[in-house]
Amino acid sequence: MSATTNMDSATATVDAIEFELDGRQIEAAPGESILQAARRAGVDIPHLCYTDGMRADGNCRACVVEIEGERVLAPSCCRAPKPGMKVQAASDRARASQRMVLELLRADVPVAAEKPDSELAYWCEQLGVAASRFGARTQPAPDRSQPGIAVDLSACIQCTRCVRACREIQVNDVIGYAHRGGASKIVFDFDTAMGSSTCVGCGECVQACPTGALLPALAERAAPAQQRPGAGAARFVPTRQVDSLCPYCGVGCQVSYHVAGEGAAQRIVFAEGRDGPANAGRLCVKGRYGFTYSRNRERLTVPLIRKPGIPKGVDLDPANPLAAFRPASWDEALDAAAAGLVRIKREHGPHALAGFGSAKGSNEEAYLFQKLVRTGFGTHNVDHCTRLCHASSVAALLEGIGSGAVSNPVRDVEFADLAIVIGANPAANHPVAASFMKNAAERGMKLVLMDPRETPLARHAWRFLQFRPDADVALLLSMACTVIEEGLTDADFIARRTEGFEAFRESALKYPPERMEAITGIAAETVREVARAYARGPNSMIFWGMGISQHTHGTDNARCLIALALMTGQIGRVGTGLHPLRGQNNVQGASDAGLIPMMLPDYQKVAEPAVRARFEALWQAPLSDTQGLTVVEIIDAAVAGRIRGMYIEGENPAMSDPDLAHAREGLAKLEHLVVQDIFLTETAMMADVVLPASSLFEKSGSFTNTDRLVQLGRPVLPLPGEARQDWWIIQEMAKRLGLDWHYAGPHEVFAELAQAMPSYAGMSWDLLEAEGAVVGPKVAADAPSEAVLFGDHFPTADGRGRFVPVSPLPAAELPDDDYPMVLITGRVLEHWHTGSMTRRADVLDALDPEPWCAMHPDDLAGLGGRSGGRVALETRRGRIELEVRADEGVRRGSVFMAFCYHEAAANLLTQPALDPYGKIPEFKYCALRVRGVQGGD
């Protein structure tokens, strides 16, 4: 079959262009090439440099056709048909030329270097080109310097698909075409090895390559030995393909996994992006190569019970859990897990128990988990990692516009004239989303990056505002002041759609850019220029990340962003709106499903008696009228002895919480801790009972991405050992807590979830299976999905958005003489969250195997250190040692590090002060001291 997919037959319109192809009348839609129209009509013309979704280049000439009245053959991939044109793709002349091109290319590509199912091999077979009469070129040596990508340019036909994939789709600008004539070749950066280049490992080039010159490293090792000399036995040849989802960030990329082996020996060999609504076939390094963790040797495969007398701590070897635990049957482990929780509830009451659910599990698992805590424990003490990510954003959004959801999808950036990205590093945390932002910037959209740290998007930005850490509110108020002072507000929108503007106006006018310049570090004229451009649009969007939310003034930060959108009317239309970029793959869905202590499913408030009554009727169980505790409050209560037992599913607070010494103390003090996970995480090391769970690759379930897109994940691999589905484990725990649950599977859970949640009421499991993805909210089966929200009203009591006045407030802990610098934490491209998955993924850990931090070269020189040396980072809470790297993108006076390294856990340093509204810790700012380490420079 052809390597590219057929276009939708519905493409043809009333504006269709009629022309003749090989004696047959066919139609082309406006903008279609001859090749595209032919394929839609069921005629396959050979092609190699062309592929769907990529600009046609016309350089391979395999697709040439004969056009009546024209002297030379034309490349059909980049030639548009005209009415009445007569084209021959299979004439003797066209076929002779097509075969000659393929024969010449075949001469340059040894069969031993080519992948078995390559597009070149396919077209040679179709046109009967078995061998070449021409001599071969001098072949370059293979390059195995990149852990995820095998480079063998002896198989390269210089079609430049990889160049266009890198430069035009992902906009990473690593791959180029260098030299002249016979010396021409594909290069990485300035002709370096791929592993030494600036390649970010997205693999777009691999997916685009038609021959096998670029292959996933595992797939390269999978090729038959006779085709890949020295590559080893044919151990991992894919035999089937499963369509599912990526397990990492909130973008929600659809992925095709290619699987080899049988039974328990099955494994994923490589992954390819699918043309999903959120990713359009694209992936990042994590989605492309981060799947091997599911078969890591440290995977939990049997239930475990702690041995008597073994103290609780995080110093266990996760590959040797039997040092502290003994294996148990499922019945014994579940009985023990439930018995400890039942005893605590009986002796100390329901509010002595708490549960942490997971944003990495499915909607069905999240729904069941919060239902278990509320009806089985009898408390609302249930939370998850949204508390550590966007809780302040959600608090401000619910207060200001009545909904915590994003207003517009990421890909609406295509229709924006300007986009602000503030407090976010999409190039590392949401790389596929970043690619769409870069595409828009390439087309002329004004990209404004605002961050204390210069990140890769700065290269594409129209303006980059590197403001001082903790100056977010001051900067945003100065923008609002500019909009108001210069008469750039949308008075009609404010009057019709909002309330509270006058109070906000009075507050904002106190903070003109000229006054705030000394605080923000940004020139007043730059602030005014950006504010004018945002207000004038015509279409402007705002994206933000945890650099906005993870502050004690995180809610105020988000209030300012909401106010900017409301006062300019930049919301409710395509290409406008507010988008807090969700972190985990299902943090939106887990929040929707009720893993929040003050909200029942669909953000229905626990405090409202009518809401509780509806859920009591649905669940046939009484509900507490006491609002629950949040993540940090639960840990504080554990330290104080008020929380005595916990059930933690798929979360790792012993790595993710602030002030880890305090968090670990609380977990260790629990009388009974049940952990359900796929690895012996730092949290599981302190458990009394460990229940081996399922990874995304082994489960069916729905997941809701950052765009509110509900998608189905499907099982790719069998469960390892005695591991079980998470929904099954939760149900078995519920039964032992006295609940009469008998769900047959996730489909039945989803049916109840849709009953409980008005915004999902129009969805069904059958619809998800049929469509693959459904945008929420969908309030009825016959109601449309809403990709863009708030077009004519906000879901508030009066339909109006609300301005909330704010003032700049300092962080909870400021630098001083003892701790003169600032620590900023975040993520890196290759790793995710606490690293429990990515650091067990072979390629990802090989790309970034050791902990490191980044400092400005001037600060590092002041220490007498060097890039690649070692430093000690110290705060009032802890000390760690790690490698330091010089980075001019880090603002002087600050240090950046990721929190994914267990051997140098950043959260041993962070402080637990909370935003008063979202109850989110201030991960992004604390006072720090840096010391050189003896012998480390």
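Quick caveat: nothing in here was measured; it's all calculated off a predicted structure.
More than 12 heavy-atom neighbours from other residues, nucleotides or ligands sit within 6.0 angstrom of CD on Glu486. Tyr917 OH: 12 or fewer foreign heavy atoms inside a 6.0 Å radius.
Salt-bridge annotation for Asp173 and Arg459: present, with a side-chain N of the basic residue lying under 4.0 Å from a carboxylate O of the acidic one. For Glu514 and Arg528, the salt-bridge test passes: some basic side-chain N is under 4.0 Å from an acidic carboxylate O.
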Per-pair distances, 0.1 Å, donor-acceptor, side chain in residues 519-527, under 3.5 Å, sequence neighbours excluded:
unit_1 : atom_1 : unit_2 : atom_2 : d
Thr520 : OG1    : Met516 : O      : 3.2
Thr520 : OG1    : Ile522 : N      : 3.1
Glu525 : OE2    : Arg532 : NH1    : 3.0

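Taking CE of Met757 as the start and CG of Asn363 as the end, the distance is 7.0 Å to the nearest 0.5 Å. For the atom pair Leu283 CG and Gln170 CD, the distance stands at 8.5 Å (nearest 0.5 Å). Taking CG of Leu581 as the reference point, atom SG of Cys389 lies at 12.0 Å (rounded to 0.5 Å). Once rounded to the nearest 0.5 Å, the distance linking CZ of Arg282 with CG of Asn279 reads 9.0 Å. Note that CG of Leu476 and CZ of Arg559 are 13.5 Å apart. Values are rounded to the nearest 0.5 Å. Rounding to the nearest 0.5 Å places CD of Gln466 at 9.5 Å from OG1 of Thr455.
The closest side-chain heavy-atom distance from Leu449 to Glu454 is not below 4.5 Å. A heavy-atom distance below 4.5 Å is not found between the side chains of Leu566 and Arg497. For the pair Ile824/Arg453, no side-chain contact is recorded, criterion being any heavy-atom separation below 4.5 Å from C-beta on. Within the 4.5 Å cutoff, the side chain of Pro777 has heavy atoms near those of the Leu789 side chain. In this structure the side chain of His430 never reaches within 4.5 angstrom of the side chain of Arg582, judged on heavy atoms. In this structure the side chain of Ser759 never reaches within 4.5 angstrom of the side chain of Asp592, judged on heavy atoms. Put simply, the side chain of Leu829 does not reach to within 4.5 Å of the side chain of Pro456, judged on heavy atoms. In this structure, Asp383 and Lys919 have side chains that are not in contact, with every pair of non-hydrogen atoms separated by 4.5 Å or more.
The backbone N or O of Gly918 sits less than 3.5 Å from a side-chain atom of Arg387, completing a donor-acceptor pair. A donor-acceptor pair under 3.5 Å is formed between the side chain of Gln570 and the backbone N or O of Pro538. Without hydrogens or angle criteria, Lys924 side chain to Thr825 main chain gives a donor-acceptor distance under 3.5 Å. In this structure, the side chain of Gln711 engages the main chain of Gly252 through a donor-acceptor pair within 3.5 Å. A donor-acceptor pair under 3.5 Å is absent between the side-chain atoms of Arg802 and the main chain of Gly400, judged by distance alone. Looking only at distances, no side-chain donor or acceptor of Asp472 sits under 3.5 Å from a matching main-chain atom of Ile548. Judged purely by atom type and a 3.5 angstrom limit, Gln550 has no side-chain atom pairing as donor or acceptor with the backbone of Tyr925. The backbone N or O of Gly250 lies less than 3.5 Å from no partner atom in the side chain of Asn585, so there is not a single donor-acceptor pair. Here the side chain of Arg827 pairs no donor or acceptor atom with the backbone of Ala428 at under 3.5 angstrom. Side-chain N or O atoms of Arg708 include one that pairs as donor or acceptor with a backbone N or O of Glu786 at under 3.5 Å.
Aromatic ring centroids of Phe899 and His833 lie under 6.0 Å apart.
Relative ring orientation between Phe790 and Phe794 is described as tilted, the plane-to-plane angle lying within the 30° to 60° band. Between Trp832 and Tyr248, the ring planes lie perpendicular to each other; the angle is over 60°, past the 30° to 60° tilted range. Aromatic ring orientation, His579 versus Phe543: tilted (interplanar angle from 30° to 60°).
Considering every non-hydrogen atom in both Ser549 and Ile920, the closest pair reads O-CG2, 3.3 Å. The two residues Tyr534 and Thr568 have their closest heavy-atom pair at CE2-OG1, 3.4 Å. Residues Leu509 and Ile484 share a closest heavy-atom pair of CD2-CG2, 3.8 Å. The shortest heavy-atom contact between Ala508 and Cys481 is O-CB, 3.3 Å. Minimum heavy-atom separation, His384 to Leu595: ND1-O, 2.8 Å. Contact detail for Thr498 and Ile494: the closest heavy-atom pair is OG1-O, 2.6 Å.
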Next on the checklist: Checking Val432 against Val410 for the side chain to side chain contact (heavy atoms under 4.5 Å, CB included) test, could you report, in this order, the C-alpha distance in whole Å, the side-chain angles of both residues, the deciding distance, and whether it holds?
Outcome noted: CA-CA 10 Å; Val432 170; Val410 168; over 6 Å; no

Checklist entry - side chain to side chain contact (heavy atoms under 4.5 Å, CB included) between Val171 and Met437: does it pass, once the steps are laid out? => result CA-CA 10 Å; Val171 200; Met437 296 174 188; over 6 Å; no

Next on the checklist: Quick one, Lys605 with Gln627, criterion side chain to side chain contact (heavy atoms under 4.5 Å, CB included). Give me CA distance, side-chain angles, the key distance, then yes/no.
Outcome noted: CA-CA 9 Å; Lys605 294 180 180 178; Gln627 185 170 289; over 6 Å; no

Next on the checklist: Checking Val530 against Met450 for the side chain to side chain contact (heavy atoms under 4.5 Å, CB included) test, could you report, in this order, the C-alpha distance in whole Å, the side-chain angles of both residues, the deciding distance, and whether it holds?
Outcome noted: CA-CA 11 Å; Val530 169; Met450 301 179 179; 3.8 Å; yes

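Just one residue in the list Val806, Leu564, Asp556 forms a side-chain contact (heavy atoms from CB on, under 4.5 Å) with Leu477, and that residue is Val806.
In the model, Thr552 has a side-chain atom that pairs as donor or acceptor with a side-chain atom of Glu922 under 3.5 Å.
With sequence neighbours excluded, the residues that form a side-chain hydrogen bond (donor to acceptor under 3.5 Å, both in side chains) with Arg164 are Thr160.
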